[in-house]
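Below is one structure, written out as structure tokens; comments come after it.
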Protein chains: 2
Amino acid sequence: MVVKQRKFSKLRQAHHREKAEDYVEMIQELLGKQGEARLTDIAKQFGVSTVTAHKIVARLQRERLIASKPYRALFLTSKGKKMATQSKHRHEIVYRFLRSLGVPENVAQVDAEGIEHHVSPKTLSIFQRFLKRNVNRNQPLSPD
Amino acid sequence: MVVKQRKFSKLRQAHHREKAEDYVEMIQELLGKQGEARLTDIAKQFGVSTVTAHKIVARLQRERLIASKPYRALFLTSKGKKMATQSKHRHEIVYRFLRSLGVPENVAQVDAEGIEHHVSPKTLSIFQRFLKRNVNRNQPLSPD
DNA sequence: TCAAAAATTTAGCCTTGGCTAAATTTCGGC
DNA sequence: GCCGAAATTTAGCCAAGGCTAAATTTTTGA
Ligand SMILES: [Mn+2]
Ligand SMILES: [Mn+2]
Ligand SMILES: [Mn+2]
Ligand SMILES: [Mn+2]
């Protein structure tokens with residue numbers, strides 16, 4: 001009984017982390033690609049209003065993942081950089097794992113965006129091992 | 001650009017469906033196991049207060065997935081049954097897929113609870129094909 | 001330079017999903 | 001049949017994440 005409860009409480013925790021992970025990952029990407037991360041670009045990427053993006057960023061500033069001065073571009077704290085790097089890494093593995101199974105590019109992109117947040121370290125390392133074993137096959141296991 | 005937006009909008013849709021899927025699945029399970037689905041049992045299983053469970057059930061009644069008379073046990077509408085059956089099926093495949101890769105039981109349970117909601121039909125059918133191919137191996141691909 | 005445009009922030013609204021406290025209804029045992 | 005316990009519902013609080021409208025600040029270009 002208590003086992004099942006923990007299962008769902010873990011799910012709720014994962015949901016709380018999700019937005020944080022997606023946002024810091026996006027900010028790191030924008031910093032790399034354009035040199036700076038502006039609120040408008042972030043909102044555009046996520047397909048939400050700047051107001052929504054602003055509120056989420058404000059929460060992540062309270063949580064010391066993001067830093068910025070008013071009306072200025074956004075930066076990641078060291079805590080934020082660490083989360084971004086780890087999330088990006090996990091996201092990549094999940095995406096490449098799906099691709100290696102034969103999931104089409106656009107489907108794998110959408111599915112990985114959700115799945116990534118629910119893959120535990122143990123499962124991730126198993127995905128990695130699977131990728132390594134299939135590294136020299138050019139064909140996916142289940143071609144379309 | 002718009003591709004990325006759709007990716008996240010799909011993610012938000014998935015989140016909206018998640019609670020619905022978990023609840024109808026749970027109700028179907030309780031109906032099978034105990035003959036009826038009471039609010040207290042549902043709340044216990046999810047590890048939330050009966051008040052929280054009640055509010056979610058009320059929403060799902062508005063959405064015509066659940067039906068009941070006040071102070072009475074809960075039932076699934078035909079729409080709810082359909083969702084429950086499909087969700088259960090997808091959940092099972094995701095769980096068995098993880099297990100077949102060598103993910104330990106308790107980890108697979110937790111991860112599948114989150115992952116299931118983000119697996120598209122295309123990815124699911126690829127998981128199924130993978131399972132069929134590995135059906136006669138007693139050993140998982142990546143043993144612990 | 002300085003006015004218009006763009007970007008950011010604030011105010012205020014909504015829904016969902018958490019909670020506790022309290023009211024109401026149903027159930028069980030005597 | 002009734003009383004107390006259990007279950008359900010209602011009321012009211014909170015935070016997150018969605019929105020539009022409006023205020024504020026920064027940037028841009030004539
Ligand atoms: Mn990601
Ligand atoms: Mn994501
Ligand atoms: Mn499920
Ligand atoms: Mn689930």
Side-chain angles (χ1 to χ4, degrees), chain A residues 5-27 30-31 34-75 113-114 117, chain B residues 5-27 30-31 34-75 113-114 117:
Chain A
Q5 283 176 24
R6 188 165 52 244
K7 187 165 66 163
F8 291 107
S9 113
K10 283 249 176 110
L11 191 59
R12 287 190 291 271
Q13 284 173 238
H15 282 157
H16 188 77
R17 281 186 75 89
E18 260 195 51
K19 279 278 168 321
E21 292 177 342
D22 285 343
Y23 270 66
V24 295
E25 206 185 318
M26 181 71 79
I27 288 170
L30 288 171
L31 285 170
Q34 334 185 131
E36 65 173 4
R38 310 289 324 199
L39 200 63
T40 14
D41 302 318
I42 291 166
K44 235 170 244 151
Q45 294 293 310
F46 285 117
V48 298
S49 70
T50 57
V51 179
T52 293
H54 181 260
K55 253 210 283 196
I56 292 169
V57 164
R59 169 173 70 91
L60 300 181
Q61 280 183 303
R62 286 200 304 276
E63 294 176 9
R64 298 281 183 269
L65 291 162
I66 296 178
S68 87
K69 293 183 197 166
Y71 294 95
R72 297 300 173 181
L74 307 174
F75 297 94
E113 195 59 69
H117 309 285
Chain B
Q5 284 177 25
R6 188 164 54 246
K7 187 165 65 163
F8 290 107
S9 114
K10 283 244 177 115
L11 191 59
R12 287 191 292 271
Q13 283 173 239
H15 282 157
H16 187 78
R17 280 185 74 90
E18 261 194 49
K19 280 276 166 323
E21 291 177 343
D22 285 342
Y23 270 66
V24 295
E25 206 184 319
M26 181 71 80
I27 288 169
L30 288 171
L31 284 170
Q34 337 185 127
E36 66 173 5
R38 311 287 325 198
L39 201 62
T40 14
D41 302 317
I42 291 166
K44 233 170 247 154
Q45 293 293 309
F46 285 116
V48 298
S49 70
T50 56
V51 179
T52 293
H54 181 260
K55 254 210 282 194
I56 292 169
V57 165
R59 171 177 61 98
L60 300 180
Q61 280 184 302
R62 287 200 304 276
E63 295 176 9
R64 299 279 182 269
L65 290 163
I66 296 176
S68 87
K69 293 183 196 164
Y71 294 94
R72 296 300 173 179
L74 308 174
F75 298 94
E113 195 58 70
H117 308 286

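In what follows, chains carry the letters A, B, and so on, assigned in the order in which the sequence lines appear, proteins first and then strands, with residues in each chain numbered from 1.
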Tell me, which of residues 55-66 of chain B have any heavy atom that sits under 4.0 Å from an atom in DNA chain C? B/K55, B/I56, B/R59, B/R62
With B/H117 as partner, the option from B/E21, B/R17, B/H15, B/K19 fulfilling side-chain hydrogen bond (donor to acceptor under 3.5 Å, both in side chains) is B/E21
Atom NE2 of B/H54 and atom P of D/dT9 are separated, to the nearest Å, by 4 Å
Test side chain to side chain contact (heavy atoms under 4.5 Å, CB included) applied to A/A20 - qualifying residues, sequence neighbours left out: A/L60, A/L65, A/M83
Are OP1 or OP2 of C/dG18 and a side-chain N or O of B/K19 less than 4.0 angstrom apart? yes
Separation of atom CG in B/L39 from atom C1' in C/dT24, rounded to whole Å: 15 Å
Under 4.0 Å protein heavy-atom contact, by nucleotide of nucleotides 20-29 of chain D - B base, S sugar-phosphate only: BB--BSSS--
For B/F8, enumerate each residue passing the ring-ring contact (aromatic ring centres under 6.0 Å, His included) test, keeping only those at least two apart in sequence or located in another chain. A/F46
Whole-Å distance separating the CG atom of A/L11 from the C1' atom of C/dG18: 14 Å
Considering just the side-chain nitrogens and oxygens of A/T40, establish if one lies under 4.0 Å of OP1 or OP2 belonging to C/dT8. yes
Rounded to whole Å, the CZ-P distance (B/R17 to C/dG17) equals 14 Å
Check side chain to side chain contact (heavy atoms under 4.5 Å, CB included) between A/K55 and all other residues, then give those that pass, not counting sequence neighbours. none
Counting only heavy atoms not in B/R12, do more than 12 fall under 6.0 Å of its CZ? yes
To the nearest Å, give me how far apart NE2 (A/H15) and P (D/dG18) are. 13 Å
For a quick test of reading the model, state the closest non-hydrogen atom pair linking B/A37 to B/I27 and the distance between them. CB-CG2, 3.8 Å
B/L74 and B/I42: side-chain contact (heavy atoms from CB on, under 4.5 Å), yes or no, with the steps? CA-CA 10 Å; B/L74 308 174; B/I42 291 166; 3.4 Å; yes
Rounded distance in Å - CD (A/E18) to P (C/dG17): 14 Å
Looking only at non-hydrogen atoms, find the nearest pair between A/Q61 and A/S68 and report the distance. NE2-OG, 3.1 Å
Any idea which of D/dG18, C/dA7, D/dT8 is nearest the B/R12 side chain? D/dG18
Spacing of B/D22 atom CG relative to C/dT16 atom C1', expressed in whole Å: 15 Å
A/H16 NE2 to C/dG17 P: how many Å, rounded? 16 Å
Taken in chain and number order and not counting sequence neighbours, the residues that satisfy side chain to side chain contact (heavy atoms under 4.5 Å, CB included) with B/A58 are none
